[in-house]
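The structure appears below as structure tokens.
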Amino acid sequence: MENMRQKKKWAMFIDATKCVGCHACRIACQNQNAITPKEYYNRIEEQEFGKYPDYNRRFFPVQCQHCDNPPCVTVCPTGASYKRDDGVVLVDIDRCIGCKYCILSCPYEARIVNEEHGYVHKCRFCIEFVESGESPACMTTCPTGVRVFGDLNDPQSEISKIVTTKKPEKFRKDLNTDPSIFYKKV
Ligand code: SF4
Ligand code: SF4
Ligand code: SF4
């Protein structure tokens, strides 16, 4: 019988309790994707909490969640936005007409417009890197090990073990977008 290769399901775990807000991931992402400092696929939300003298800040990294039920794909009139079998949501910029429906539909504000050419773009999970056996730039650059990326269909992968044992949360689960990013929140 033919040796069937199991389909991959790429996913990421983000341990926000380890994030120190250094923005190294954002800058690495900008370099990797050759986007300008004003554009970002990856943002670090900040929240202040507590009262003096017990006062602190927490950080929450947000990017495209590579939803399994992605509204950006549903609303795209040209098929430019699409979801691959391995779970990654991409934009074919040659098919994008810049209507911005996908931007309006994305509840995570994960998409941006290329000001020069008018197409929409966003986090790609560094898919070319991943397909050549590397990891996304935001993961490898993070100095505190916030991010774990891998194949959810491989029970031996670190991300599978984390998802199985730690039961991390999805961001805005109530929206039924079914993200491929899992969080441990502060
Ligand atoms: Fe689409 Fe936004 Fe989900 Fe990414 S986070 S797949 S852009 S709806
Ligand atoms: Fe699709 Fe581009 Fe319109 Fe977004 S801006 S919905 S990717 S055609
Ligand atoms: Fe947080 Fe790591 Fe990004 Fe720094 S590189 S902002 S610690 S996720």
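It should be emphasised that the depicted structure is a prediction, and the values quoted were computed from it without experimental measurement.
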Contact between [X] and [Y] at the side-chain level, heavy atoms closer than 4.5 Å - yes or no?
| X | Y | answer |
| --- | --- | --- |
| L152 | F182 | yes |
| C123 | H66 | yes |
| V75 | S105 | yes |
| I181 | Q63 | yes |
| V62 | R43 | yes |

Going by the side-chain contact (heavy atoms from CB on, under 4.5 Å) test, name the single residue among V91, V113, I112 that passes it with H121.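 Single pass found, and it is I112.
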Is the side chain of [X] donor-acceptor paired with the backbone N or O of [Y] at a distance under 3.5 Å, no angle test?
| X | Y | value |
| --- | --- | --- |
| S157 | D151 | yes |
| S160 | D154 | yes |
| T177 | K173 | no |

Spacing of K166 atom NZ and K161 atom NZ [to the nearest 0.5 Å]: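 NZ of K161 is found 12.0 Å from NZ of K166.
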### Query
Given the rule in the side chain to side chain contact (heavy atoms under 4.5 Å, CB included) test, do R172 and Y108 qualify, once you have shown the distances and angles that lead to the verdict?
CA-CA 9 Å; R172 293 296 313 269; Y108 304 100; 4.0 Å; yes
Taking the six-membered ring of F49 as reference, does the cationic atom of R58 (NZ for Lys, CZ for Arg) lie under 6.0 Å from its centre and within 45° of its axis? yes
Between [X] and [Y], is there a side-chain N and carboxylate O pair less than 4.0 Å apart?
| X | Y | result |
| --- | --- | --- |
| R124 | E131 | no |
| K9 | D68 | yes |
| E169 | K185 | yes |
| R57 | E48 | no |

Practice prompt. Go through the steps for R111 and S81 under the test side-chain hydrogen bond (donor to acceptor under 3.5 Å, both in side chains), then give the verdict.
Written response: CA-CA 11 Å; R111 291 176 166 239; S81 287; 2.9 Å; yes
Looking at the rings of F60 and Y183, which for Trp means the six-membered one, are their centres under 6.0 Å apart? yes
